[in-house]
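In what follows, a single structure is set out as structure tokens and then discussed.
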Amino acid sequence: MGERLRHIISSRQFDLGFLIKLYKDTVTIQKLLETRQGMELLSSILPGHVVGEIFWQESSRTFHSFASAAGRLGAKVVSERGMKQKSGKWFLAFSSAVKDAYFEDEVRAWASFYDLLILRTAEEGLVGRAVEILEEFHYDIPVVNAGDGIGEHPTQTLLDCFALLYGLGLDIEKDWQKLSHYSAAFINDCKYSRTIHSLALVLGKIFKMPLIFIAPPGLEAPKTLLDELDRSQVNYTLTDSLCPASVYYVTRLQKEYFKNPQDFERYKKYFSITIQVADRFGVRVVMHPFPRSKKGGELPIWLPSDPSTHLISLDKDPRAVYFYQMRVGVPLRMALLKYLLNPYLELQSLKEEYLRRSFRVQCAVCKRLESPELGWSEKAISYIPTLPHVLCPQCTAKKEF
Ligand code: NCD
């Protein structure tokens, strides 16, 4: 991947180098978010920027985690949200779509007002078309694909990778090759799930994980995806029954895309991933992009008032990382927005600035600084006479030699 990230449209854009950098920056942001001074520094990354979030389709996690990420970087967010109408079409009811406007003109309008566009469309490929039109007419406005119909959901893939590594207790830089010894199973709606479509490419192509698509007949992974995995010699299998795997990536039945609504009744409760299922198939990590469906029943919830749920739900089980998936979305999306809008600011230098501002200690020999939250800085900082001076662990070790 090139030096500067211009848009985020597809998970095909990612490579190992990018994932490692993002992983490190996300960890730095997570740590900075833990303290007031850290939060203040982060909010100085995008002051004065205005981000446009335009979502044709409903969203709880992606929409709010981007809004929170932008806000925490000091940017303002303006949003426009649509929903599915009786006609079966997703519609932005307060936009000029009502007046029969061209999509292309709408995109050029938003690009004239905002510094970055985060788009969720109902149609596959439409976010790519927005980029095409903006590039054609030389708008220097980054675009993020927050889900384009049944196409892709690349930023979800990034936080999924992060949570998967966390669940397996692996460090991306040191351990990424170990991932090929684990398998990932995608469960339920492999046909319409854009989160599966994007994640399968990264887990299969970059991490060489063996993949298993477990879907009821009729909801199998699309042929175009499987052809692409074939071309990259990814090892995958297709089945309609649960089987052993290291990671279970469970999805909802996306009935909004079903041609025949009756199909939902046929498929619901086809798979129900419980503690017993995870035990039986030796599952180490259970993921779900959410929302999980009340009616679909693919991942039972734990309810305080209902003891029967306590016997089956994975919500309190350490193998479940679906709430971690959600949480990590904010620092990770903060890193992405920084790459797109303030690419030349190094997060590491922000970390140094934080260290400089926080009253800690400095190594008398190498001049690095230490804070309890962030540990020792990577680079030396000019001598700060007001700080206590000690020997850092590295210099102590050298001295002992
Ligand atoms: C998903 C989506 O919208 O693609 N959720 C998400 O963004 N985290 C999955 C879904 O709607 O089932």
Side-chain angles (χ1 to χ4, degrees), residues 8-11 53-70 79 81-84 90 92 118-128 144-164 167 186-203 213-216 219 221-222 225 248-258 261 263-264 267-273 286-301 320-333 336:
I8 305 175
I9 303 302
S10 162
S11 72
E53 266 202 285
I54 295 120
F55 276 46
W56 278 257
Q57 291 180 313
E58 306 80 355
S59 167
S60 298
R61 274 143 288 271
T62 309
F63 178 85
H64 289 286
S65 92
F66 265 120
S68 169
S79 63
R81 306 189 68 176
M83 60 187 286
K84 202 168 188 176
W90 277 275
L92 294 180
I118 303 169
L119 305 181
R120 168 169 284 191
T121 64
E123 196 184 309
E124 179 177 3
L126 209 52
V127 183
V144 176
N145 179 0
D148 61 328
I150 59 167
E152 286 213 51
H153 196 344
T155 64
Q156 177 75 33
T157 287
L158 296 169
L159 63 93
D160 287 344
C161 288
F162 207 99
L164 187 146
F186 298 108
I187 297 167
N188 225 12
D189 189 347
C190 295
K191 183 173 179 177
Y192 298 116
S193 168
R194 53 192 169 208
T195 68
I196 293 183
H197 303 163
S198 285
L199 183 61
L201 294 173
V202 170
L203 298 186
F213 294 93
I214 307 178
L219 291 180
L225 172 66
Y248 264 17
Y249 189 92
V250 190
T251 56
R252 175 178 72 88
L253 295 169
Q254 301 190 81
K255 59 174 184 245
E256 62 272 32
Y257 293 114
F258 288 5
D263 284 351
F264 181 75
Y267 293 135
K268 77 175 183 198
K269 309 219 164 73
Y270 201 95
F271 298 118
S272 175
I273 308 307
V286 180
M287 304 175 70
H288 194 308
F290 269 51
R292 59 177 153 189
S293 162
K294 265 196 276 196
K295 292 186 184 146
E298 73 276 4
L299 187 63
I301 193 174
V321 300
Y322 27 91
F323 286 99
Y324 181 83
Q325 270 171 281
M326 253 176 241
R327 267 203 322 277
V328 79
V330 172
L332 187 139
R333 288 183 166 123
L336 295 176

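In listed order, ligands and their atoms are each counted from 1. In this text, all values refer to a predicted model and were calculated from it rather than measured experimentally.
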Practice task
Would you indicate which of Arg61, His153, His197 comes nearest to atom 7 (O) of ligand 1 when only heavy atoms are counted?
Solution key: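 Among Arg61, His153, His197, the closest heavy atom to atom 7 (O) of ligand 1 belongs to His153.
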
Exercise for the section: Pick whichever of Glu152, Arg194, Gln57 has a heavy atom sitting closest to atom 3 (O) of ligand 1. Expected result: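 The residue whose heavy atom sits nearest atom 3 (O) of ligand 1 is Arg194.
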
Practice task
Check whether any heavy atom of Pro291 sits under 4.0 Å from an atom of ligand 1.
Solution key: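 Heavy atoms of Pro291 do come under 4.0 Å of ligand 1.
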
Handout entry: Chi angles and distances behind the side-chain contact (heavy atoms from CB on, under 4.5 Å) call for Gln325, Phe290
Key = CA-CA 9 Å; Gln325 270 171 281; Phe290 269 51; over 6 Å; no

Handout entry: Distance-only side-chain donor-acceptor flag, His288 / Arg252, under 3.5 Å
Key =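 No, no side-chain donor-acceptor contact under 3.5 Å.
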
Exercise for the section: Could you tell me how the ring of Phe186 sits relative to the ring of Tyr249: parallel (under 30°), tilted (30 to 60°) or perpendicular (over 60°)? Expected result: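 Perpendicular: the ring planes of Phe186 and Tyr249 meet at over 60°.
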
Exercise for the section: List the closest protein heavy-atom neighbour of atom 11 (O) of ligand 1: residue, atom name, distance to the nearest 0.1 Å. Expected result: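 Going by distance alone, atom 11 (O) of ligand 1 is nearest to Arg252 NH2, 2.9 Å.
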
Practice task
Please report which non-hydrogen protein atom sits nearest to atom 5 (N) of ligand 1, along with the residue it belongs to and the distance in Å to one decimal place.
Solution key: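 For this ligand atom, the closest protein heavy atom is Phe290 O, 2.8 Å.
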
Exercise for the section: With the side chain counted from C-beta on, respond yes when Ser65 and Met326 share a heavy-atom pair under 4.5 Å apart, and no when they do not. Expected result: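 Not in contact.
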
Problem - Within-4.5 Å side-chain heavy-atom neighbours: Leu336 and Thr155 - result: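 A side-chain contact under 4.5 Å exists here.
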
Handout entry: Within reach of ligand 1, part of Thr251 (heavy-atom separation under 4.0 Å)
Key =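 Contact part for Thr251 vs ligand 1: neither.
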
Exercise for the section: With heavy atoms of Arg120 as the reference, note each atom of ligand 1 found under 4.0 Å away. Expected result: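 In order of numbering, the contacting atoms are 2 (C), 3 (O), 7 (O).
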
Handout entry: Numbered atoms and elements of ligand 1 in range of Thr62, under 4.0 angstrom, heavy atoms
Key =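 Taking each heavy atom of Thr62 in turn, ligand 1 has 6 (C), 7 (O), 8 (N) under 4.0 Å.
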
Problem - Non-hydrogen atoms of Thr251 and Thr195 that approach each other most closely - result: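 Scanning both residues completely, I find the closest heavy atoms to be CG2-OG1, 4.2 Å.
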
